[in-house]
S.K.: 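This is the structure, below, for whatever I ask next.
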Amino acid sequence: MSDPVTNLRSAVEGSAAALRGDAHDPPASSPTLERPPRADFGDFSTNAAMLLAPVLGEPPREIAARLAEELGGRLGEDVEKVEVAGPGFLNLFLADAWYRRAAAAMLTAGEDLGRPPAPEEPERVLVEFVSANPTGPLTAAGGRHAAYGDSVARALEFAGHPAAREYYVNDRGGQIERFAESLAARMTGGETPEDGYEGEYVAELSERLQADGVGPDDLDWLARQGAEMMRAHIEETLRRYGVEFDTWSSERELYDSGAVEQVLADLRGHGHVYESEGAVWLRTSDLGDDKDRVLIRFGGEGTYYLADIAYHRQKLERSGGRILDVLGADHHGYMDRLRAGLAALGLEPERLEFAIIQLVHVVDGGERAQMSKRKGEFVTLDELIDDIGVDATRFFMLQRSHDTTVDLDLELARRTSNENPVYYVQYAHARIASILRKAGGDAETRAAAADVTAVSPPAEPAERALIKRLCELPDEVSEAAARRAPHRLCAYATATAADFHAFYRDCQVVGAEGEGVEESRLAICLLTKRTIARTLGLLGISAPERM
RNA sequence: GCCCCCGUAGCUCAGCUGGAUAGAGCGCCGGCCUUCUAAGCCGGAUGUCGGAGGUUCGAGUCCUCCCGGGGGCGCCA
């Protein structure tokens with residue numbers, strides 16, 4: 001059965017095309033099919049007539065009147081009336097028949113419920129995120145990056161765009177050396193070096209390393225082993241958090257494989273490289289950056305930037321599509337120079353996309369916790385998970401747009417944990433599970449097989465509102481994926497839960513009166529349960545059967 | 001000085017790439033459990049959308065400037 005929302009949309013587009021005729025070009029954008037701001041504006045509204053107005057050179061409301069007639073004819077018994085409103089909107093008032101068919105169509109979707117239509121051109125996206133240095137445990141900020149990148153990848157995959165998750169490990173360079181020196185200092189009882197790392201985890205790690213026979217004398221070996229142990233710990237934290245990476249890329253390997261050397265040679269070949277003050281520079285100021293950048297430091301050591309160009313070239317090759325870098329706000333200055341680096345190689349910088357994640361402030365009892373990885377003062381992701389759980393942590397991190405700062409008040413999250421927005425959504429899911437249990441062991445089977453079109457009494461407003469909400473999931477998934485905006489799914493989950501709670505209030509399910517009503521409502525419950533589980537799943541949040 | 005993000009209800013934030021009388025959660029006030037989970041529901045109060053111009057049929061949304069908050073501007077990553 002075809003999807004009723006898609007049918008509606010094509011009816012609107014078809015009517016608009018018919019009215020326009022062949023003599024005019026189509027409007028710049030396709031008409032909206034949206035939820036009107038008020039219930040008495042109908043079930044759906046469209047701006048199609050307003051878009052046609054400049055094309056046809058006629059007043060919007062006149063076009064709307066003709067469009068209403070055309071559309072009414074096309075929709076037949078699905079529509080009760082089409083009204084012209086405001087500056088030229090068309091408000092569609094749909095019949096129960098449309099709602100019942102919409103529910104029936106969703107029932108046949110099974111596990112594909114909410115999946116948007118397959119994209120015409122699937123886009124491979126390699127998402128690199130977290131990539132925190134292996135010099136300490138993940139902090140709360142890492143938790144935001146992890147939740148965001150993972151959820152974007154989940155949305156992309158569900159929308160039909162193959163996504164890969166990648167973590168880039170900076171396992172060499174100055175910070176790793178400071179890290180190794182700090183570990184060695186712990187072992188020998190010496191002073192922590194300037195810009196070194198402190199904190200309990202440094203002591204614990206140095207003990208574990210010594211137990212494994214790694215001593216303070218061979219700093220290079222210590223650096224490798226220390227970084228690897230830390231990396232493994234980060235991986236474990238992420239797994240606990242529900243995030244699994246497809247690939248772990250190593251900066252050190254880029255050197256070992258000769259990829260860094262090769263990229264330097266190629267940059268030289270493209271003629272953007274020069275030497276000055278004993279260092280080797282890339283003339284990025286010719287390519288959109290505000291100043292030139294060092295590739296090889298005074299002393300012969302390659303910079304992080306040089307390896308990063310090699311890394312991004314490799315990612316472009318491996319991705320075969322787009323690459324998405326999820327970076328912290330403090331790295332935003334990195335965008336121009338990275339694009340410039342790729343342009344210097346003759347690659348396409350527009351295949352590189354950035355998501356800049358704003359900061360997370362962990363607040364404890366009104367006071368901001370200091371966050372310094374080097375001093376070992378921070379709230380770790382592990383502590384956060386221990387405190388408020390994976391589900392609440394992910395929801396808190398995801399519910400806000402990535403370009404706004406998150407203030408996470410631990411005390412509040414602990415103290416009022418059952419007022420947490422995530423529980424509101426999970427509760428709706430658990431409530432439905434409870435209804436299905438109450439309806440008997442075969443309730444899900446009955447619901448899935450129900451003929452929801454064979455119902456005689458008219459649908460309750462709450463039923464219609466809920467079904468309409470469920471119909472929106474494919475659009476929400478598409479938007480969340482296309483705009484890299486998983487926070488929309490949090491809002492959608494909350495709205496769906498609210499619509500369900502209203503349905504629950506108004507509509508008795510088990511033992512409902514009327515021909516086919518109980519079966520039909522069981523089916524709506526099942527659809528809502530699947531919708532909530534799917535939405536939470538895209539956020540990496542569990543959907544409990546009981547609470 | 002330059003670059004990025006933010007400024008919307010008492011608080012924390014949405015606002016579907018320009019649409020109708022700007023929303024949600026928390027908090028506040030008042031109601032609802034002998035009926036499928038009250039972690040729920042219903043009703044109520046609160047807004048110069050930071051400010052000033054501009055673009056057009058229409059601006060919280062786009063452009064310019066200003067104010068305020070945060071972050072960055074390294075031969076660290």
Side-chain angles (χ1 to χ4, degrees), chain A residues 29 32 34-38 41 45 47 50 53-54 59-60 85-89 91 131-133 135 170 173-178 195 251 277-281 290-291 293-299 301-305 307-308 328-336 354 356-359 361 399-409 412 416-428 430-439 472 475-476 478-480 482-483 485 487-488 490-492 494-495 497-498 500-502 504-512 521-522 525 546-547:
Chain A
S29 52
T32 58
E34 62 189 343
R35 168 183 291 269
R38 282 169 44 187
F41 287 169
S45 69
N47 65 353
M50 275 136 61
F89 285 103
N91 291 338
S131 297
N133 283 357
T135 54
N170 305 124
Q175 296 199 353
I176 291 290
E177 286 166 24
R178 294 302 90 67
D195 290 331
E251 183 182 0
E277 301 166 50
V280 178
W281 297 72
D290 46 2
K291 58 181 175 183
R293 305 292 170 178
V294 170
L295 297 172
I296 308 282
R297 293 202 289 261
F298 178 81
E301 194 78 8
T303 58
Y304 173 83
Y305 175 54
D308 224 16
D330 53 342
H331 282 64
H332 87 267
Y334 217 71
M335 296 191 290
D336 282 346
F354 294 95
I356 302 297
I357 312 294
Q358 294 301 315
L359 305 186
H361 290 131
Q399 68 177 334
R400 274 155 216 172
S401 166
H402 66 84
D403 50 27
T404 193
T405 310
V406 162
D407 276 297
L408 184 49
D409 191 331
L412 188 76
T416 64
S417 65
N418 51 353
E419 291 166 35
N420 217 308
V422 68
Y423 295 130
Y424 180 80
V425 178
Q426 289 182 322
Y427 181 66
R431 234 183 185 181
I432 296 169
S434 172
I435 292 173
L436 293 173
R437 282 194 298 272
K438 189 89 172 186
E472 290 170 1
D475 268 0
E476 291 296 333
S478 295
E479 287 288 326
R483 298 170 58 169
H487 75 280
R488 299 177 54 97
C490 290
Y492 175 73
T494 307
F500 174 76
H501 288 310
Y504 176 87
R505 178 195 67 230
D506 292 344
C507 305
Q508 182 74 23
V509 178
V510 179
R521 288 184 179 166
L522 278 174
C525 284
R546 296 170 198 273
M547 284 176 75

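Please read all numbers here as calculations on a predicted model, not as lab measurements. Within every chain, numbering begins at 1; the chains are lettered A, B, ... in the order of the sequence lines, protein sequences first and strands thereafter.
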S.K.: Can you check the distance between B:C63 and B:U17, where both ends of the measurement are the C1' atom (answer in whole Å)?
M.R.: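 Taking atom C1' in both B:C63 and B:U17, they lie 15 Å apart.
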S.K.: I need the A:E479 CD to A:Y492 OH distance, nearest 0.5 Å.
M.R.: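 Between atom CD of A:E479 and atom OH of A:Y492 there are 13.5 Å.
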S.K.: A:Q399 CD to B:G15 P: how many Å, rounded?
M.R.: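 My rounded result for the distance is 12 Å.
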S.K.: Are side-chain heavy atoms of A:I435 and A:V510 found at a separation under 4.5 Å?
M.R.: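 Of all side-chain heavy-atom pairs linking A:V510 with A:I435, at least one is under 4.5 Å.
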S.K.: Could you check if a side-chain atom of A:I356 sits within less than 4.5 angstrom of a side-chain atom of A:M335, using non-hydrogen atoms only?
M.R.: yes
S.K.: Does the B:A77 base have a donor-acceptor partner in the side chain of A:T135 within less than 3.5 Å?
M.R.: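 By the distance-only test, no, there is no pair.
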S.K.: Give every pair of a protein N or O atom and an N or O atom of nucleotides 42-47 of chain B that lie under 3.5 Å apart, one pair per line with the distance.
M.R.:
| from | atom 1 | to | atom 2 | distance (Å) |
| --- | --- | --- | --- | --- |
| B:C42 | OP1 | A:R505 | NH1 | 3.1 |

S.K.: Indicate the atoms forming the closest heavy-atom contact of A:N47 with A:T32, along with that distance.
M.R.: OD1-N, 2.9 Å
S.K.: If you look at every strand shown and take non-hydrogen atoms under 4.0 Å, does A:M50 touch a base, only sugar-phosphate, or nothing?
M.R.: base
S.K.: Between N or O atoms, less than 3.5 Å apart, protein on one side and nucleotides 73-75 of chain B on the other: list the pairs.
M.R.:
| from | atom 1 | to | atom 2 | distance (Å) |
| --- | --- | --- | --- | --- |
| B:G74 | OP2 | A:K291 | NZ | 3.0 |
| B:C75 | O2 | A:F298 | N | 2.5 |
| B:C75 | N4 | A:E277 | O | 3.0 |

S.K.: Would you indicate which nucleotide in B:U37, B:A77, B:C5 comes nearest to any side-chain atom of A:Y334?
M.R.: B:A77
S.K.: Tell me: CZ of A:R400 to P of B:G7, nearest whole Å?
M.R.: 13 Å
S.K.: Can a cation-pi geometry be assigned to A:R431 and A:Y504, taking NZ or CZ under 6.0 Å from the six-membered ring centre and within 45° of the ring axis?
M.R.: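 Output yes; distance and angle both within limits.
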S.K.: Using the C1' atom on both, measure B:G60 against B:G50 and round to a whole Å.
M.R.: 12 Å
S.K.: Mind checking A:S45 for me? I need base, sugar-phosphate or nothing, with any heavy atom below 4.0 Å counting as a touch.
M.R.: base
S.K.: Rounded off to whole Å, could you give me the CZ-to-C1' distance for the A:R35 and B:G23 pair?
M.R.: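 My rounded result for the distance is 12 Å.
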S.K.: Look at all strands and tell whether A:N91 reaches a base, only sugar-phosphate, or nothing, counting heavy atoms closer than 4.0 Å.
M.R.: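 Base, at least one base heavy atom under 4.0 Å.
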S.K.: May I ask you to say what A:Y504 touches in the nucleic acid, namely base, sugar-phosphate or nothing, with a heavy-atom cut-off under 4.0 Å?
M.R.: base
S.K.: Nearest whole Å is fine: how far is B:U35 P from A:D506 CG?
M.R.: 17 Å
S.K.: If you round to the nearest 0.5 Å, how far is CD of A:Q358 from CG of A:D330?
M.R.: 9.5 Å
S.K.: Is there a side-chain contact between A:R483 and A:R488 (heavy atoms, below 4.5 Å)?
M.R.: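 Result yes, sub-4.5 Å side-chain heavy-atom pair found.
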S.K.: Please give the distance between the P atoms of B:C75 and B:G71 as a whole number of Å.
M.R.: 22 Å
S.K.: Nearest whole angstrom, please: distance from the P of B:A39 to the CD1 of A:I432.
M.R.: 16 Å
S.K.: With a 4.0 Å limit, can you tell me whether A:Y492 has a side-chain N or O closer than that to the phosphate oxygens OP1/OP2 of B:C16?
M.R.: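 Checking A:Y492 against B:C16: no side-chain N or O falls below 4.0 Å of OP1 or OP2.
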S.K.: Taking the side chain of A:H332 as its heavy atoms from C-beta onward, which of B:A77, B:G72, B:A14 lies nearest to it?
M.R.: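 Nearest listed nucleotide: B:G72.
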S.K.: Contact class for A:S434 vs. all strands (heavy atom < 4.0 Å): base, sugar-phosphate, or nothing?
M.R.: base
S.K.: Mind checking if A:L359 touches a base, just sugar-phosphate, or nothing, with heavy atoms under 4.0 Å?
M.R.: sugar-phosphate
S.K.: Just how far is it from atom CG of A:N133 to atom CD of A:E251, taken to the nearest 0.5 Å?
M.R.: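 It is 8.5 Å, given to the nearest 0.5 Å.
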S.K.: To the nearest 0.5 Å, how far apart are CG in A:L359 and OG1 in A:T405?
M.R.: 6.0 Å
S.K.: Does the B:A77 base have a donor-acceptor partner in the side chain of A:H331 within less than 3.5 Å?
M.R.: yes
S.K.: Round to a whole Å and report the spacing from CG of A:D308 to P of B:A77.
M.R.: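 For the pair A:D308 CG and B:A77 P, the rounded distance is 10 Å.
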S.K.: Rounded to the nearest 0.5 Å, what separates atom NE2 in A:H501 from atom OH in A:Y427?
M.R.: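 One finds 7.0 Å between NE2 of A:H501 and OH of A:Y427.
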S.K.: Write down the distance separating the C1' atoms in B:G25 and B:G70, rounded off to the nearest Å.
M.R.: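 Result for the C1' pair: 24 Å, nearest Å.
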S.K.: Choose from B:A14, B:U17, B:C36 the nucleotide whose nearest atom is closest to any side-chain atom of A:R483.
M.R.: B:U17
S.K.: Taking all non-hydrogen atoms of both residues, which atom of A:R297 and which atom of A:G302 are closest, and how far apart?
M.R.: NH1-O, 4.2 Å
S.K.: Is there a stack between A:F41 and B:A20, judged by ring centres under 5.5 Å and planes under 30°?
M.R.: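 The ring of A:F41 is stacked on B:A20.
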S.K.: Below 3.5 Å, does any donor atom in the side chain of A:H501 face an acceptor in the base of B:C41, or the other way round?
M.R.: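 Side chain to base: no pair present.
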S.K.: With C1' as the reference atom in both, quote the distance from B:C66 to B:C76 in angstrom, rounded to an integer.
M.R.: 36 Å
S.K.: When rounded to the nearest Å, what value does the distance between C1' atoms of B:C36 and B:A24 take?
M.R.: 27 Å
S.K.: Are the aromatic rings of A:F354 and A:H332 close, with centres under 6.0 Å apart?
M.R.: no
S.K.: Give the rounded distance in Å between these two atoms: CG of A:D403 and C1' of B:U61.
M.R.: 14 Å
S.K.: Measuring from the side chain of A:R546 (C-beta onward, heavy atoms only), which nucleotide among B:C16, B:C36, B:U37 has the closest atom?
M.R.: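 For the A:R546 side chain, the nearest candidate turns out to be B:U37.
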S.K.: Using the C1' atom on both, measure B:C4 against B:A45 and round to a whole Å.
M.R.: 39 Å
S.K.: To the nearest Å, give me how far apart OH (A:Y424) and P (B:C13) are.
M.R.: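 In whole Å, B:C13 P and A:Y424 OH are 21 Å from each other.
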S.K.: Compare all side-chain heavy atoms of A:S45 with those of A:E34 and state whether any distance is below 4.5 angstrom.
M.R.: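 Yes - at least one pair of side-chain heavy atoms lies under 4.5 Å apart.
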S.K.: For B:C33, is chi within 90° of 0 (syn) or not (anti)?
M.R.: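 Syn conformation for B:C33.
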S.K.: Reading 5' to 3' and counting Watson-Crick or G-U wobble pairs with both distances under 3.5 Å, write the dot-bracket notation for RNA chain B, | for bases paired outside the strand.
M.R.: (((((((..((((.....[...)))).(((((.......))))).....(((((..]....))))))))))))....
S.K.: Taking the same atom, P, in B:A14 and in B:C5, what whole-Å distance lies between them?
M.R.: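 15 Å, rounded to whole Å.
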S.K.: Which comes earlier along RNA chain B counting from the 5' end, the contact point of A:P37 or that of A:R488, where each point is its nearest nucleotide?
M.R.: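 The residue closer to the strand's 5' end, by nearest nucleotide, is A:R488.
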S.K.: Which heavy atom in A:W281 sits nearest to a heavy atom in A:A279, and how many Å separate them?
M.R.: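 Reported closest heavy-atom pair: CD1-O, 3.4 Å.
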S.K.: Return whichever of A:E479 or A:Q508 has its heavy-atom-nearest nucleotide of RNA chain B closer to the 5' end.
M.R.: A:E479
S.K.: Any N or O donor-acceptor pair under 3.5 Å from the base of B:C76 to the side chain of A:Q175?
M.R.: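 Check passes, donor-acceptor contact within cut-off.
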S.K.: Grab the two heavy atoms, one from A:L436 and one from A:L522, that are nearest each other, plus how far apart they are.
M.R.: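 Distance-wise, the nearest heavy atoms are CD2-CD2, 3.8 Å.
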